[in-house]
> 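Below: one structure in structure tokens.
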Amino acid sequence: MITREEISILLDHPVYDGDGNKVGDAKHVFLDDASGRPEWVTVKTGLFGSSESFIPIRDAALVKDHLEVPYPKDKIKGAPNVDIDAGGHLSVDEEHRLYEYYGIDWGSVLREPGEGDRAPGRGTTGTAGAAGAAGAAGAAGAAGRSTTAGTAGTAGTSATAGKAGAAGAAGTAGRRSDAMTRSEERMRVGVERHETGHARLRKYVVTEEVQQTVPLRHEEVRVEREPITDANRGEAMSGPAFKEDEHEVTLHEERPVVETEAVPVERVRMTTEEKTREETVRGRVRKERIEAETEMNDEAGRGRRDTPGRDVPRKGRP
């Protein structure tokens with residue numbers, strides 16, 4: 001069983017189910033109003049930790065830096081949603097509904113450790129506190145059975161019928177208390193994904209002018225005259241003299257021939273990557289302030305009103 005001294009260790013630390021799966025982080029611990037023992041731990045679950053599930057802490061164990069509970073993760077996430085009043089209390093009906101969901105016998109819950117079968121001596125939660133405390137303690141008992149750890153010092157006077165004697169003694173001693181709850185708003189900032197546009201690859205054909213210089217050869221006629229010598233006299237005198245004749249030579253030239261072929265040159269691929277940027281989010285939250293004022297009558301203080309200082313409200317959660 002988790003003790004009050006271990007509450008500060010388990011808060012904001014991981015909570016694992018019986019199969020070793022992480023359920024979430026422990027956020028709040030609820031104490032029994034009468035005994036002061038830890039009864040419930042709440043765990044942030046859901047998207048961005050938007051939900052808070054209640055888990056019985058009676059059979060949990062603190063292992064190193066995390067809490068182990070004997071319930072499956074799906075069972076915990078499906079626990080009933082409960083409403084907590086402004087004082088940080090669970091009502092009797094809400095707590096009864098949670099114990100029934102987890103299959104815990106309500107009679108065993110009412111027993112003190114070591115009491116055995118003396119559960120009837122404790123009576124019904126809440127109403128016994130109203131019978132024996134005679135004042136604010138009884139009102140707190142009627143409000144519910146469990147309170148958050150931070151309110152244990154204030155609401156812990158709400159007793160059950162089995163402890164009515166001690167509560168009654170406190171009432172006859174003349175102690176009275178009048179308390180109010182201070183609340184404030186907390187801003188939670190999450191993120192949501194929005195579509196900002198589309199990107200696509202599109203292929204199309206363009207025509208552009210290109211040029212390339214190539215060497216081209218051609219033939220030209222050049223007339224060469226050579227004198228008659230002894231070396232070429234025989235060839236030169238081989239034909240008849242004074243006879244018309246004609247010789248023809250075919251001329252050639254090179255001309256450019258252009259043709260094209262498709263050649264792969266590169267591959268183009270489109271990918272996406274995420275970038276992170278910091279953005280400051282501002283909002284307005286409301287907070288309540290509590291001040292204590294004392295107004296004296298004419299006989300005691302001649303109509304003096306004292307404001308001794310600002311009262312520090314009790315915390316609803318550790």
Side-chain angles (χ1 to χ4, degrees), residues 10-28 41-55 63-81 185-226 231-232 235-236 245-285:
L10 65 91
L11 287 177
D12 293 324
H13 280 72
V15 176
Y16 288 83
D17 66 3
D19 298 326
N21 302 312
K22 182 178 178 181
V23 181
D25 293 331
K27 291 302 178 184
H28 305 110
V41 62
T42 64
V43 178
K44 286 287 188 180
T45 59
L47 186 63
F48 308 122
S50 57
S51 300
E52 200 165 346
S53 300
F54 279 75
I55 310 173
V63 180
K64 294 183 179 179
D65 61 343
H66 67 272
L67 184 70
E68 291 185 359
V69 295
Y71 304 102
K73 181 177 181 180
D74 293 339
K75 179 78 171 179
I76 296 171
K77 295 178 70 174
N81 294 325
E185 294 177 336
R186 302 289 176 86
M187 185 174 71
R188 295 180 180 177
V189 180
V191 296
E192 59 182 10
R193 197 175 184 89
H194 286 271
E195 183 179 293
T196 57
H198 297 84
R200 63 177 63 88
L201 287 176
R202 184 170 62 90
K203 184 170 70 172
Y204 58 94
V205 178
V206 297
T207 302
E208 60 180 17
E209 296 289 338
V210 295
Q211 63 179 24
Q212 183 177 344
T213 301
V214 295
L216 298 176
R217 297 177 299 174
H218 67 279
E219 296 176 342
E220 295 181 351
V221 175
R222 186 178 66 215
V223 177
E224 296 181 356
R225 299 175 184 274
E226 59 182 12
N232 59 11
E235 184 178 354
D245 198 359
E246 157 178 306
H247 289 264
E248 182 178 310
V249 176
T250 302
L251 303 178
H252 299 85
E253 69 174 2
E254 293 178 338
R255 296 179 181 178
V257 178
V258 178
E259 60 182 15
T260 61
E261 61 176 337
V263 179
V265 293
E266 66 176 349
R267 293 280 293 172
V268 180
R269 182 181 293 104
M270 184 168 59
T271 60
T272 62
E273 59 181 7
E274 290 188 352
K275 300 290 186 180
T276 302
R277 60 183 177 87
E278 298 289 338
E279 181 173 333
T280 301
V281 179
R282 293 181 173 86
R284 292 178 177 270
V285 296

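Each residue takes its place number in the sequence, starting with 1.
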> What's the shortest heavy-atom distance between Arg282 and Met187, and which atoms?
C-SD, 4.3 Å

> Would you call Glu274 and Arg193 a salt bridge, using N to O less than 4.0 angstrom?
yes

> Between Leu201 and Val268, is any pair of side-chain heavy atoms under 4.5 Å apart?
yes

> Quick check: closest heavy atoms across Leu251 and Glu220, and the distance to 0.1 Å?
CD2-C, 4.4 Å

> Might you point out which heavy atoms bring Arg186 and Val285 nearest each other, and give the distance in Å?
C-CG1, 4.2 Å

> How long is the span from the CE atom in Met270 to the CZ atom in Arg200, to the nearest 0.5 Å?
8.5 Å

> Strictly distance-based, threshold 3.5 Å: is any side-chain N or O of Asn232 a donor or acceptor partner for the main-chain N or O of Glu235?
no

> I'd like to check Leu216 versus Pro256 (side-chain heavy atoms, cut-off strictly below 4.5 Å). Are they in contact?
yes

> Any side-chain heavy atom of Val23 within less than 4.5 Å of one from Asn21?
no

> So, Asp12 and Lys27, do they make that salt bridge, N to O below 4.0 Å?
yes

> With the threshold set at 4.0 Å, does a side-chain nitrogen-carboxylate oxygen contact exist between Arg255 and Glu253?
yes

> Could you state the interatomic distance from OG1 (Thr42) to CD1 (Ile76), rounded to the nearest 0.5 Å?
12.0 Å

> So, does Ser53 use its side chain to make a donor-acceptor pair with the main chain of Ala79 at under 3.5 Å?
no

> What are the two closest non-hydrogen atoms of Asp17 and Tyr71, and how far apart are they?
CB-O, 2.9 Å

> Are Val15 and Ile55 packed together at the side-chain level, in the sense that at least one heavy-atom pair is separated by less than 4.5 angstrom?
yes

> Do Glu259 and Glu261 have side-chain heavy atoms sitting under 4.5 Å apart?
no

> For a quick test of reading the model, state the closest non-hydrogen atom pair linking Val41 to Ala26 and the distance between them.
CG2-CB, 3.8 Å

> Would you find a donor on one side and an acceptor on the other, under 3.5 Å apart, between the side chain of Lys73 and the backbone of Lys22?
yes

> CG of Asp19 to CD of Glu68: how many Å apart, nearest 0.5 Å?
11.0 Å

> What closest approach, in Å, do Pro215 and Glu254 show between heavy atoms, and which atom pair accounts for it?
O-OE1, 4.0 Å

